[in-house]
Protein chains: 2
Amino acid sequence: MSKYKTIDSEQLVDIFKALANSHRLKIFNILTSCCTPGASCASDEVFSCCVGDLDSQLDIAASTLSHHLKELHRAGLIHMQRDGKQVYCSVNTDVMKQLENIFSSQLVGAQL
Amino acid sequence: MSKYKTIDSEQLVDIFKALANSHRLKIFNILTSCCTPGASCASDEVFSCCVGDLDSQLDIAASTLSHHLKELHRAGLIHMQRDGKQVYCSVNTDVMKQLENIFSSQLVGAQL
DNA sequence: TTTATACTTCGACATATTTCGAATTATAGT
DNA sequence: ACTATAATTCGAAATATGTCGAAGTATAAA
């Protein structure tokens with residue numbers, strides 16, 4: 001009934017699962033406040049988005065961060081793209097739009 | 001900066017945690033498709049919102065359902081109110097509005 | 001080709017979550 | 001007071017998640 005591409009309820013659970021952890025939510029915050037997917041952050045800006053920069057803001061082991069990024073990526077919330085030695089992360093704005101739609105229309109899972 | 005009462009990041013994690021389970025998400029779906037908090041569902045409608053009615057739609061033990069409802073309630077996503085032998089559940093639309101705002105403004109945790 | 005940097009994978013362990021059935025509490029009707 | 005119905009709490013077991021450090025892979029630079 002909706003004109004929007006819907007997220008099925010299984011994927012929605014995965015998305016909420018991905019956001020249901022303080023470290024991952026913080027990562028997501030950093031990415032939403034900084035990087036839009038087209039424009040990869042220049043290195044002279046205050047915040048940038050490669051894994052190492054996230055690492056410096058998070059106080060967890062690099063391996064743990066890697067695990068969390070994998071979860072966010074699996075859920076479809078972020079993009080990850082290698083550029084040389086670095087891997088750059090950015091928010092998947094398509095999914096953001098769909099989430100907005102889900103909550104604004106009060107149809108958290110009307111497709112069920 | 002926002003004119004909206006903000007949800008802090010700890011509460012936001014709890015909200016996502018509450019929605020990060022297929023049974024709880026289904027419960028939340030049922031409640032959003034049916035009951036608005038002012039209008040408690042009349043018993044002659046197709047869907048109603050007492051715990052027993054949710055139970056009949058869910059294929060889990062009553063004790064498990066009770067646990068899930070407690071989680072949704074703890075997160076602030078639903079109201080629960082006893083009326084005689086039944087306990088009626090409804091969505092907390094205030095929180096829904098705040099979630100909508102969070103996603104629509106792309107500020108998942110800008111208050112951090 | 002050796003070394004350094006950036007990041008990921010693996011294995012192990014601790015903690016948290018999900019689930020059930022049995023027992024318990026709350027309310028209403030007999 | 002007793003019984004029935006609706007829902008919750010408790011304790012135990014199975015599964016999932018979060019975390020780390022060590023080892024591994026990918027890329028670039030010397």
Side-chain angles (χ1 to χ4, degrees), chain A residues 9-28 30-31 35 40-43 47-75 77-90, chain B residues 9-28 30-31 35 40-43 47-75 77-90:
Chain A
S9 64
E10 213 179 309
Q11 193 190 345
L12 199 48
V13 168
D14 282 344
I15 287 171
F16 289 137
K17 221 170 255 190
L19 295 174
N21 170 276
S22 58
H23 291 139
R24 287 194 296 266
L25 189 58
K26 183 162 183 186
I27 293 165
F28 198 66
I30 293 169
L31 297 179
C35 299
S40 60
C41 293
S43 52
F47 301 100
S48 65
C49 305
C50 76
V51 176
D53 289 328
L54 292 169
D55 192 45
S56 68
Q57 299 176 62
L58 276 171
D59 205 39
I60 53 176
S63 55
T64 305
L65 172 56
S66 202
H67 163 71
H68 285 320
L69 289 173
K70 199 159 88 178
E71 295 286 298
L72 288 167
H73 188 249
R74 267 197 337 100
L77 285 165
I78 64 170
H79 300 293
M80 298 181 76
Q81 173 173 6
R82 182 176 278 275
D83 177 14
K85 278 188 287 188
Q86 278 89 31
V87 172
Y88 285 90
C89 306
S90 60
Chain B
S9 63
E10 214 179 308
Q11 193 190 345
L12 199 50
V13 168
D14 282 345
I15 288 170
F16 289 137
K17 219 172 258 190
L19 295 174
N21 171 278
S22 59
H23 293 311
R24 287 195 297 267
L25 189 57
K26 183 161 183 187
I27 293 165
F28 198 65
I30 293 169
L31 296 180
C35 299
S40 60
C41 292
S43 52
F47 301 100
S48 64
C49 305
C50 77
V51 176
D53 290 328
L54 292 169
D55 192 45
S56 68
Q57 298 177 61
L58 276 170
D59 204 38
I60 52 176
S63 56
T64 305
L65 172 56
S66 203
H67 162 73
H68 284 321
L69 289 172
K70 200 159 86 176
E71 295 285 297
L72 287 167
H73 187 249
R74 268 197 337 101
L77 285 165
I78 63 170
H79 300 293
M80 298 181 77
Q81 173 173 5
R82 182 175 278 275
D83 177 13
K85 278 188 286 189
Q86 280 88 30
V87 171
Y88 285 91
C89 306
S90 60

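The sequence lines fix the lettering, A, B, ..., with proteins before strands; numbering per chain opens at 1. Keep in mind that what you see is a predicted model, and the values were worked out from it rather than measured.
Between A:Gln11 and A:Ala75, the shortest heavy-atom contact is NE2-O, 4.1 Å.
An OP1 or OP2 oxygen of C:dT18 is reached within less than 4.0 angstrom by a side-chain nitrogen or oxygen of B:Arg24. A sub-4.0 Å separation between OP1 or OP2 of C:dT18 and a side-chain N or O of B:Asn21 is present. OP1 or OP2 of C:dC20 lies within a sub-4.0 Å distance of a side-chain N or O belonging to B:Thr64. Phosphate proximity of D:dT17 to A:Lys17: present, with a side-chain N or O under 4.0 Å from OP1 or OP2. The shortest distance between the side-chain N/O atoms of B:Lys70 and the OP1/OP2 oxygens of D:dT9 is below 4.0 Å. Using a 4.0 Å cut-off, some side-chain N or O of A:His68 falls inside it from OP1 or OP2 of D:dT19.
When distances run from any side-chain atom of B:Gln86 to the nucleotides C:dT17, D:dA7, C:dT9, the shortest one goes to D:dA7.
Look at CE on B:Met80: it is 12 Å from C1' on D:dA6, rounded to the nearest Å. Rounded to a whole Å, the CG atom of A:Asp59 is 8 Å from the P atom of D:dC20. Atoms CZ (B:Arg82) and P (D:dT8) sit 7 Å apart, rounded to a whole Å.
A parallel orientation is assigned to the rings of B:Phe16 and A:Phe16, their planes being inclined by less than 30° (bins at 30° and 60°).
Taken to the nearest 0.5 Å, the CD atom of A:Glu71 stands 9.0 Å off from the NZ atom of A:Lys17.
A:Ile60 comes within 4.0 angstrom of the backbone, heavy atoms only, and of no base. Residue B:His23 is in sugar-phosphate contact alone, with no base atom involved, counting any heavy-atom pair closer than 4.0 Å across all strands shown.
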